[in-house]
Amino acid sequence: MENKKRKTPKRRFAEFTDDWEERKLSDITTYRNGKGHEENQLDEGTFELVNLNSVSIDGGLKPSGKFIEDAIDTLQKNDLVMVLSDVGHGDLLGKVAIIPENNRFVLNQRVALLRITDKTIPYFLFSIINKNQLYFKREGAGSSQLNISKSSVENFIVDYPTIDEQINIAAYFCNLDHLITLHQRKLDKLNFIKKSYLSEMFPQEGEKKPKRRFKGFTDDWEQRKFSEVATMHARIGWQNLRTSEFLNSGKYMLITGTDFKDGVINYSTCHYVERERYEQDKHIQIKNGSILITKDGTLGKVAYVQGLSMPATLNAGVFNVKIKDETEVDNKYLFQYLKAPFLMDYVDKKATGGTIKHLNQNILVDFPVVMPTKAEQQVIGMYFEHLDHLITLHQRKLQKLKNIKQAYLKEMFV
């Protein structure tokens, strides 16, 4: 007799050994489509509408900002709501969120209700549906907008363990999602603090003092043109590299605009060049403390070079910014000022009536840079460097938790 292949996950809690069973979603839930409430929608009211904007990419329930005053079919606690339409790449198609409380939410159109009718733990079902997003993407029909049908949803196969194992799995992922939410909130708070301080720690247009500053500093700030405080150099046309000259290893690093993000260079993605290409132009040889600005592609990205352990040069499309007088200008302050929204706001104004595709020197030379004394610059530069460091740490912790979740989603379900 042929042995039937066991249906068990790769990773599970030690006390569970039973095979999992296959069940259709229609066997364990009832399905109901939402209704249109366009004529009755309010910006505030008694019952909040659950619509396409209510479900996050991670499956959380977000405020829709839309309400109605009268409702009959309100949602119940632990109901699952599923996105049926997505105008993007289908990343939200089939995503579900859990309703947290009774009689406060109402289902809008293009979102479906899945109400559990069997012995099933809501968070277990929530996790397994959101894990299987590819199924719903494949089932999506349409061109500019993907849609999934009732039959596609109801025919989705759920691999189903005992209720006790569901409880353990649900508790694990619930705790993990809670940690992810906490770290996301901390990260959001730090980003909000930085945004607020950027608006308060630099003078507003036409003013000579900022709203918020460190103790001991009272002098007026002065405005200088960017070309007065720094020079800009980039790889000129005849020096451009062919892709055949990009090396995977070497003694001379080549930094491209795609190698940095959020002010930090990812050296692991950099290519290398021969010595003659490095020595070709000393103005684009960079070192620790150099400031880089992308002038092509994604315009205005800024990076501060640190942790560089070998000679390096720039690929096309990136400016090397050198401070003219380091006794007057602190490089970390200038980096933070360029990385703040001020530079791109200036570029956007210059682009009125058209689109700037290249950040040329003639655009940057008159860019206004507001400057306090060198001592105050240093304090401001160090403050934002510390804040950036905290933001990076929380981003890494958050990403690590998300990676753990993705790995365990693959291993703890059949």
Side-chain angles (χ1 to χ4, degrees), residues 56-60 62 91 127 130 171-202 210-215 253 255-270 286-294 298 300-310 312 318 321 330-344 375-411:
S56 72
I57 194 68
D58 296 320
K62 302 186 297 181
D91 294 337
S127 298
N130 284 337
Y172 176 81
F173 281 103
C174 186
N175 288 335
L176 194 53
D177 282 341
H178 180 65
L179 282 175
I180 289 172
T181 299
L182 287 179
H183 279 284
Q184 185 64 63
R185 286 175 182 168
K186 289 179 181 178
L187 180 60
D188 291 344
K189 184 177 180 180
L190 284 170
N191 282 320
F192 177 78
I193 289 171
K194 182 177 180 181
K195 184 178 179 180
S196 299
Y197 279 22
L198 281 171
S199 67
E200 295 179 359
M201 292 179 68
F202 296 91
K211 181 178 179 181
R212 181 192 296 266
R213 68 198 307 189
F214 293 97
K215 288 183 179 179
M253 186 174 283
I255 296 178
T256 303
T258 54
D259 295 323
F260 54 89
K261 181 182 178 183
D262 297 328
V264 179
I265 299 172
N266 181 4
Y267 296 113
S268 67
T269 65
C270 294
I286 67 168
K287 59 183 181 179
N288 288 317
S290 294
I291 300 170
L292 312 180
I293 303 176
T294 54
T298 304
K301 278 200 310 180
V302 184
Y304 183 79
V305 181
Q306 52 188 338
L308 184 64
S309 58
M310 64 172 62
V318 186
V321 176
D330 180 69
N331 58 350
K332 289 184 179 179
Y333 170 83
L334 184 60
F335 160 68
Q336 292 292 347
Y337 190 81
L338 292 171
K339 192 159 77 78
F342 312 122
L343 174 60
M344 290 315 299
E376 191 170 2
Q377 289 177 44
Q378 289 174 324
V379 175
I380 294 171
M382 289 175 63
Y383 173 80
F384 281 106
E385 181 183 43
H386 175 68
L387 198 53
D388 283 343
H389 179 65
L390 286 177
I391 289 171
T392 300
L393 285 179
H394 280 286
Q395 285 173 332
R396 288 174 181 168
K397 288 179 182 178
L398 181 61
Q399 191 58 52
K400 184 177 180 180
L401 286 169
K402 287 182 176 181
N403 291 342
I404 289 170
K405 180 180 177 180
Q406 289 305 311
Y408 278 26
L409 280 170
K410 291 179 181 178
E411 296 181 357

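For reference, positions follow the sequence shown, starting with 1. Since we're looking at a predicted model, the values are computed, not measured.
- Using cut-offs of 30° and 60° on the angle between ring planes, the pair Tyr333 and Phe202 is tilted.
- Applying the side chain to side chain donor-acceptor pair (under 3.5 Å) criterion to Gln406, with sequence neighbours excluded, gives no partner residue.
- A distance of 7.0 Å separates CD1 in Ile193 from CG in Leu387, rounded to the nearest 0.5 Å.
- Side-chain contact between Ile293 and Val302 is present, with at least one heavy-atom pair separated by less than 4.5 Å.
- Remark: Thr258 pairs with no residue by the side chain to side chain donor-acceptor pair (under 3.5 Å) rule, at least two apart or across chains.
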Can I get a per-line list of side-chain donor-acceptor pairs under 3.5 Å for residues 391-399, giving both atom names and the distance, sequence neighbours left out?
| unit_1 | atom_1 | unit_2 | atom_2 | d |
| --- | --- | --- | --- | --- |
| Thr392 | OG1 | Asp388 | O | 2.9 |
| Gln399 | NE2 | Asn403 | OD1 | 3.0 |

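- Looking at residues two or more places apart in sequence or on another chain, you find no side chain to side chain donor-acceptor pair (under 3.5 Å) involving Asn288.
- For Asp91, the salt bridge (Lys or Arg N to Asp or Glu O under 4.0 Å) test picks out Lys137, with sequence neighbours left out.
- Scored by the side-chain contact (heavy atoms from CB on, under 4.5 Å) test, Val379 finds Phe214, Phe217 as partners (sequence neighbours excluded).
- Under the rule for a side-chain contact (heavy atoms from CB on, under 4.5 Å), the partners of Met310 that lie at least two apart in sequence or sit in another chain are Met253, Tyr272.
- By the side chain to side chain donor-acceptor pair (under 3.5 Å) test, Thr256 is found to be paired with Asn315, residues two or more places apart in sequence or in another chain being considered.
- Looking only at side-chain heavy atoms (C-beta outward), Val318 and Ile255 stay at 4.5 Å or farther from each other.
- Panel note: side chain Thr294, backbone Lys301; a donor-acceptor pair is recorded below 3.5 Å.
- Pairing each heavy atom of Gln336 with each of Glu385, the nearest pair is NE2-N, 3.6 Å.
- Shortest non-hydrogen contact noted between Phe335 and Ala303 is CE1-C, 3.6 Å.
- With contacts defined as side-chain heavy-atom distances shorter than 4.5 Å, the pair Asn331/Tyr304 qualifies.
- Side chain of Gln377 to main chain of Asp330: a donor-acceptor pair is present (N/O by atom type, distance under 3.5 Å, no hydrogens or angles).
- You'll find the side chain of Phe384 reaches within 4.5 Å of the side chain of Leu198, heavy atoms only.
- Judged as a ring pair (Phe, Tyr, Trp, His ring centres under 6.0 Å), and not counting sequence neighbours, the contacts of Tyr408 are Tyr172.
- Residue Lys211 qualifies as open at atom NZ: its count of foreign heavy atoms under 6.0 Å is 12 or below.
- Looking only at side-chain heavy atoms (C-beta outward), Ile265 and Leu308 stay at 4.5 Å or farther from each other.
- Scanning for salt bridge (Lys or Arg N to Asp or Glu O under 4.0 Å) contacts around Lys405 gives Asp177, with sequence neighbours left out.
- Every residue meeting the side-chain contact (heavy atoms from CB on, under 4.5 Å) condition with Ser196, not counting sequence neighbours, appears here in chain and number order: Phe192.
- Residues that satisfy the side-chain contact (heavy atoms from CB on, under 4.5 Å) test with Leu179, not counting sequence neighbours, are Leu401.
- Across Glu200 and Pro210, no two heavy atoms sit closer than the pair O-CB, 3.5 Å.
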